[in-house]
Structures are given as structure tokens and as C-alpha cells.
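Structure, as C-alpha cells:
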2 protein chains.
Amino acid sequence: MAIRPSARTDVNRSAILAHLGAQGPTSRADLARALNVSPALMTQLTKDLLADGLLAELEHSPSQGGRPARMLGLVATAGRAIGVKIAPDHVAFVEVGIAGGVLRSASEPFDAAASTMLSDVTELLRRFIAGGGKTPLLGIGVGVPGAVDRQGSGLVDSAQLGWNQVPVGATLRRELDLPVLVENNVNALAMAERLYGLGRQYEDFLVLTIGTGIGAGIVVDGVVLRGVSGGAGEIGHIPIDAEGPMCTCGNRGCLEAIIGQAGLERTARERGIIGAHGTIDALRSAADAGDEAAAAVFSEAGHLLGRVLAGLVHTLDPEIVIVLGEGTASWNHWSFGFEPALRSSLISSRRGVAVAVETWQDDSWAQGAASLVLATPFDSDDVAGDQGRLVRERLVEQASPQQTAPQQKAPQQGEAQ
Amino acid sequence: MAIRPSARTDVNRSAILAHLGAQGPTSRADLARALNVSPALMTQLTKDLLADGLLAELEHSPSQGGRPARMLGLVATAGRAIGVKIAPDHVAFVEVGIAGGVLRSASEPFDAAASTMLSDVTELLRRFIAGGGKTPLLGIGVGVPGAVDRQGSGLVDSAQLGWNQVPVGATLRRELDLPVLVENNVNALAMAERLYGLGRQYEDFLVLTIGTGIGAGIVVDGVVLRGVSGGAGEIGHIPIDAEGPMCTCGNRGCLEAIIGQAGLERTARERGIIGAHGTIDALRSAADAGDEAAAAVFSEAGHLLGRVLAGLVHTLDPEIVIVLGEGTASWNHWSFGFEPALRSSLISSRRGVAVAVETWQDDSWAQGAASLVLATPFDSDDVAGDQGRLVRERLVEQASPQQTAPQQKAPQQGEAQ
DNA sequence: TATGGTTTATTTAGTCCTGAATAAAGACGG
DNA sequence: CCGTCTTTATTCAGGACTAAATAAACCATA
């Protein structure tokens, strides 16, 4: 409650690495300012990192009126991470470099309902790892559509996957002998956004995802809000209409059941806009082609989303809302209903809240998951627990080859509470 | 000697005082555990505080198998704080001791719409201060129904008061020459709950207030969530019904317009349950007397509140929800609709979320405001800014003059609730 | 070309805090 | 009564970090 003393040096060392990964080469002076430590300490820390071979001194940067800065950059071979997205019918992988860039990606069919789902995902992941580079693999980040007890534990509850207390983290750790961090996929996306995206400039923002499900990642004071059981941001189950359609969660009329992908398809089918087996793609095509009824489906969804988001903005008072997810492909149709509904539902002092829609890529979810690993350096609140410490250790150890210590398991670091 | 250069030590020093105020006499060992610092440091810090006369060594507590603890207690004369609640038609004051207990209180008529409102409240406050005790006055806490930019600044936006960018903090500071902290009243209440109430045992909880308005105080990781402009928790303006009654904010169908006090009275009048000038008290009396139509008004409000709260629980994943406010007087009627609506709208993993209804007193709002001052010791995140530092300085300075005060026994600290 | 101004990096002295060892003070069982 | 155990409090050596002074490197300008 009072002060967090602790072994902060470790966090600081790798916060430098993370900053360089996210921002590119930086001078010691800028690093000290960015990380809010004294220049003296920065000299000390970078000396160690240079000696360890994790950092390299680059060219001098042109002077800005005084002594020119000697830039420091990451040594590219310092590490990489793998991100995994688990969906009901497939898993997606990406491999990212230490600076956050995607090196390669893949997607494989997968059945989350199979009894062998854990060994299946392990095997697929093993194959993906095998095809990877030679630089040290720092860890695995896994994103799931559901609640995760702790990132460093990885017990998953997910209605969408039909999983109940599934030990994803423990299994993968045991099988792969790598640090594994598991998190709700929207929260992982919010962390990625904070590290590499628009969120860099904001301390308080909301990541709103539309697609199969409807979700929110909540960032407060620069940190993702997880809630007591890791289930914060489940806005897809905000009750809207007690007589509405059945939701995967068992209740009726949840937001997600109405404007999630399945909900939109259902509405479109009922209205005869798409066929009995028509999908969201057909609906979007129709809307794009000028079908007003099809466009109305999106627009009405946008209207509802706008009203719900207004409630969230009143509740959380964010500086900006970042819209992401597969559904953004049809955002031009959503926005027609969304914007007026949002603005007219806000109290005057919030009416100017910013909304940004970012471009979406197929591997964005997996990239978000990978950022769980790359974000551990920032983890001064110990969200990642002992797995985060493991990642940091790997970052430091890989640089000193003589440290060929035998396979020793992570010392059970007695997680408090 | 009195003023320490480092803010960190300062925070720790007063965290001790706050803990003793909230928890009563405590041993050094327990303090070290509670504040998460080493016993060594605790010895050091308490030595200083004892020398400064802020702490006193009390009787030995019975041994628990080992060396018996020497309890430390607050010296009651170390300070007091004043809390102010500003409402559209009155202001309320309380004076609290350093342990959080109410020493005296008052309520005065007031017109927030008058052009002289700031000088009015200043004058009333001046009079209240004049009637107070002789122990050092640490500062003033002010609770307002609206958004406050920063506690240490005190620029207020409030639809309920009809205030726009009113410099409450600056004015009071200038006129009274005391530290002044201003905060949204529900947030202040949440802080009080965290310091002295049920919230002591929870890191993540929601304070839900029903009464004139509907509000929420959001506590995440033990800290009140303010949002980027200090307006988080404004759940009263969550849009419910686009065709609903007009709200003070200018929109239609806000939650507060429907189930806030005025909304309930409006409904009751429309249904002929109370007269044209009937108030909420008449409605409650009718319901208490067995009038089913009157009870239904509350029950329906409870139903709506339960559904909205379910959305909040999904969004924020709190451990417990604490219900407060004048409206709790009729909670027995609310709960009839509230409980089933809440539980049936929650996804299964959240269905067990705890809900506690605490007893409400007239001066609770003002007491919450006062806790802004008493909470500054906990303020490691610097929420209170320079005003918080001022409070801490006053706490330390006042003790120095008569440093040779004899070992006096501190009176037993009462539990404030 | 000397002089001063600016920005970056390092060194130095000192503060805050911790972990570990030690002392203090009782309970308890034989 | 004695030794052992447990819990509390203090002392001490050392690590992390900072502020301030200093050094280093460049620019501008009379």
C-alpha cells in the first residue's frame, strides 16, 4: 500500500529494452527522461546492458545545440516472442522480433471442443516454434476469448470456447519449458495498443473490439484493468433486451448476442437479406453494393454500440476509444448509426471524446498476444508474476554464453495471495 | 528537522499515521507487515514519529507466544480535518479527528445558483471552522456532485449544481489559507470506504450510490479510478431510454432521470401514489405501510438498477458492490426487484458477486469529503498533488514545537463507520 | 578566436530502504 | 528451574537510487 521498493533494477533494465523496442534508438538522456529515472542511474544500467551485449552504441546523432547524443539501439538478435490466438475453430500464430515487428505468421484449423484440445494446441505450437529463427525465444503469449485468473497462471474460463477452468498456461509451460503468459485476447490487444499503437500517447483509453464477440480493453493510468478475476471488459454481456436472442453465456439479449457476428447474421437472415447459410461477408458485400436493408443492419448495430459506449465513457472517462476487430471491415456502415447515437447520448463535457478506428489485420489478435511477452519489461506492477521474471531472466541470460547452467526449473517464487 | 526532503519517506511516515487512524493501535511488527516495509525501516520511522510527538507508546499487548508487542497509538491532538458536502440547496460540514471519527457536524441552507455561491460557502465554512477545536486543522475536503479536474486544483463541472469550471479549490485556498482538496462526492465516499469501511478488505470494489443522483465510485487495485478528466463513475447518465424523461444533463432517459429521487417522485405522481407536491418520503411511507403500488415503484427501480449494475460488473469485475446513499432507506423495497434482475443478468462466473448495503447517515457525504484529507497519507500516486504534500507537512510541523511533551497515553481510537 | 551557452554523460556524496544477524522478552514443557 | 520455541524490536552492512557537481562535446557570436 505504501511504497513498492523491491528488486526494481531488474524491471528498469528491461524497461530500457522495451522502450528501445517500441521507440527505436534513443539516447541515454532521453531514456532517463522517458523512464523517469536519473541520468546517473541510466549510465549505470546501460553500462551493464552494453557489457551484456543486449545494447549497442550507434552513430552520434546531430547535436541540438549541445553535446551530441550517442544513440543506443537494441541488438536485433537479443530475442523474439511468439503470440498465439485461440479461437473456437482455429489457432493463429505469429513470431515477432524484440522490436515488435511480425517476422512470420500462420493459422491452423483447431477444434476447441475436442477433448484433446490442449495437446492439439501444444503440438501445433511446437511445429510453429520449430520453423522459427535461431535467436533466443523469450516466451509465448496466448490470447483467449474469456477470463484468465492470472497471466502467469493461465487458468481459462471461456463461454465462447466452452472451456471451464482449463489450465492452458500450466500445460504449455510443462510441455514446452518456456515462459508462457495467458491473457484475455482483448486485454492483450489493449497492451499491444499501449506498447506500440495509439495508446502510447494516452494513459486512459478504451479498446473496443467488434467481431465474433464484442469486447473492451480498459486502460487506466497506463495499465490494463483486469478486475478481481481477470474478467474485466466483458461488455459483450451487458444486458440489453430481456426478450432478446439467446447468448452463448446462457442469458438472453446480451449486447454480443445482438450485434456480435452471429447476431448480425441472424438479423440479416430473419429479414431475408442473406440466405439461410449466408455469412457476415455476404451481408457486408450487400451493404457495400448499396443494399439499404443490409446497411441498416450495420447501422442499427452501430446505433446500439454507440449508446452502450456512451455508458462506458460516462463510467470510465477515457481520453480516447480505439475501435478494433474483424468487424471494422464494415465500419463505414456501422458509423452511420454509431456516431450520432454516441454523441447524442453523452453529457456535454464528454461529447468530444475521441474515437479512432484502426486498420485491422488477420494476425492482429496473435500480435497482441505476443506483446504480452514483450510487455513484461514494463510490468512494474508484477501483473505477469514469476513468468514475467522468467522472460526477463532469459533476456539477460542469453547474452552471457558462459552461463551454461544446467536445466534448473524456476524456483517456486511463492506468489503472494 | 521537521520537513523531510524526500516525499517518499514523507508518504511512509504518514501512511503509519493513517493506518493507526483506521485500524487503531498497532505494533511495529504489524505496521511493517501492513505497509509492506521492512521491520528495520519501521523502527526507524516510528522513532522519528515518537520523537515528534505524533505517536505514543501504549501498554504492552499480551504475548502471542513470543515477545509481547508494544502497541503504538496516535496522539489524539495531532490533528483534525473538515469535510464539506456541497448540494444544490444546502452545504453540510463535519469535523473529524485524526482517527476518522466525527467530532461535530452542521448543515446550512445554501443556493448553488446564486452568483455569490463561492463567497457564501466560504463564509459558512469560516464560521464552522471558528466553532472548532484547538488541535491543528490539517485541511479541508470538499465533495461535489460533478467532475473535478484534480483534487489539488478543484475546478468543478456540475450539471446538478449548474456549475461550469467553477474554481472551488482555488477560491477556498486563497480565502482560508488552508490545504483544500476537492473531489467528486461519490469518489470521496469510495475513498472513505477504502480507508475506514468495508473497502479495507477489498482491492477492487464498486461503491454504488442511490439518492438524488445515481453514482458509482470505482476502486481498482485499491485506488479510486478518476478517469482522464475526473469524471469516471458518472453512471447516472448511462442512456437507458431514448424516449425517457428529461435529465438535468439535457439528454433524455438517463438512468438518473428514471430512478434518481426526482425520477421516482415523478413516476409516483404520474401513478397517483403521491400528490402533486408529494416527496420521496411520502412514497417510502406508503410502501412501508403496505401500499403495493408504492412498493412497485421502488421495486421497478431496483430491477433497472440491477440490470445496469450487471453491466458494470461485467465491465469492471469487482469483488464486491457496496450500496450507499439516502436511497438505501428504502432498500428493502428496491431489493425486491434488484436482486433477481442482477443475478439473472450476470454471466455464471460472476453470479456470486457480493453486494453489501451499508447504513447511511446524514453526514456520510461530508465525512467522505473529510476523508480526502485523512487519505493523503496513502497518496503514493500523488492524486492530491501539492495540497496533499501541504497536509502532510502540517501533520509533521504541528508536532515539533512542544517536542518535550511527556509520554501521554493516547485515548483508544474509535472505529469510524 | 576566445567566450559563453547548451545538451549529454559521468562521478561523487549521500538518502532511503532491505535482508540478515542479533538482542529482547515472553510462553511452554519437562 | 532450565532449555527451547516464538514473536518482537534493533543494529548493521550493503544495494538502489538521486541530486548536484563535473566533464565532455558541440554551437553561436562578437
Side-chain angles (χ1 to χ4, degrees), chain A residues 1-16 19-20 25-51 55-73 380 382 392 396 411 413-414 416, chain B residues 1-16 19-20 25-51 55-73 380 382 392 396:
Chain A
M1 183 164 276
I3 305 296
R4 179 173 294 281
S6 78
R8 188 173 168 121
T9 178
D10 213 29
V11 173
N12 266 342
R13 278 170 62 92
S14 34
I16 294 172
H19 187 90
L20 292 178
T26 313
S27 72
R28 285 174 245 268
D30 279 340
L31 275 171
R33 279 189 288 268
L35 302 182
N36 209 31
V37 299
S38 65
L41 180 60
M42 192 49 67
T43 293
Q44 190 60 42
L45 294 172
T46 53
K47 195 187 294 177
D48 294 352
L49 289 169
L50 283 165
L55 256 49
E57 258 191 351
L58 307 179
E59 78 293 349
H60 292 211
S61 98
S63 157
Q64 287 130 347
R67 170 175 173 173
R70 272 195 289 272
M71 307 300 275
L72 299 173
S380 51
D382 204 32
R392 292 195 287 268
V396 180
Q413 272 280 26
Chain B
M1 163 72 86
I3 307 172
R4 304 271 153 178
S6 162
R8 226 147 97 159
T9 298
D10 222 29
V11 169
N12 266 342
R13 280 168 62 93
S14 36
I16 295 172
H19 186 91
L20 293 177
T26 312
S27 71
R28 289 170 178 82
D30 279 340
L31 276 171
R33 279 188 289 268
L35 301 183
N36 206 31
V37 298
S38 66
L41 179 59
M42 192 50 67
T43 293
Q44 191 59 41
L45 293 172
T46 54
K47 194 188 292 176
D48 293 352
L49 289 168
L50 282 165
L55 257 49
E57 262 193 346
L58 308 180
E59 77 292 350
H60 292 210
S61 98
S63 157
Q64 288 131 345
R67 171 177 174 173
R70 272 196 290 272
M71 306 301 274
L72 298 173
S380 51
D382 202 34
R392 292 196 286 270
V396 180

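Quick note on labels: first sequence line is chain A, next is B, and so on, each numbered from 1. Bear in mind the structure is a predicted one, so any value in this text is a computation, not a measurement.
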_Is there a side chain to side chain contact (heavy atoms under 4.5 Å, CB included) between B:M42 and B:I16? Walk through the geometry before answering._
CA-CA 9 Å; B:M42 192 50 67; B:I16 295 172; 3.7 Å; yes
*For B:S27, which contact category applies under a 4.0 Å heavy-atom criterion: base, sugar-phosphate, or nothing?*
sugar-phosphate
*So A:R28 and A:E57, side chain to side chain contact (heavy atoms under 4.5 Å, CB included) or not? Walk me through it.*
CA-CA 10 Å; A:R28 285 174 245 268; A:E57 258 191 351; 2.3 Å; yes
*asked:* Between A:E59 and A:M71, is the side chain to side chain contact (heavy atoms under 4.5 Å, CB included) condition met? List the steps.
replied: CA-CA 6 Å; A:E59 78 293 349; A:M71 307 300 275; 4.3 Å; yes
*Specify the separation, in whole Å, of atom CG of B:L50 and atom P of D:dT10.*
9 Å
_5' priority, DNA chain C, between A:G66 and A:R28 [closest heavy atom]_ = A:G66
_Chi angles and distances behind the side chain to side chain contact (heavy atoms under 4.5 Å, CB included) call for A:L72, A:L58_ = CA-CA 6 Å; A:L72 299 173; A:L58 307 179; over 6 Å; no
*Figure out the CG/P separation between A:L45 and D:dG15, and round it to whole Å.*
15 Å
*Starting at the 5' end of DNA chain D and moving along, which residue's nearest nucleotide shows up first, B:R70 or A:P68?*
B:R70
*asked:* At 4.0 Å (heavy atoms only), tell me whether A:A40 reaches a base, stays on the sugar-phosphate, or touches nothing.
replied: base
*Atom-to-atom span, CE of B:M42 to P of C:dT18 - whole angstrom*: 9 Å
*asked:* Rounding to an integer number of Å, can you tell me how far B:I16 CD1 sits from C:dC16 P?
replied: 14 Å
*How long is the line joining CD of B:E57 and P of C:dA24, in whole Å?*
16 Å
_Nucleotide C:dT18, atom P - distance to CG of B:N36 in whole Å_ = 8 Å
*Tell me which nucleotide among D:dA9, C:dT18, D:dA25 gets nearest to the side chain of B:L41.*
C:dT18
_Nearest-Å distance for atom pair CG/P, residues B:L31 and D:dT8_ = 12 Å
*Which residue, A:P39 or A:R67, contacts DNA chain C at a nucleotide closer to its 5' end, judged by nearest heavy atom?*
A:R67
*Provide, to the nearest angstrom, the distance between the CD atom belonging to A:Q44 and the P atom belonging to C:dT10.*
10 Å
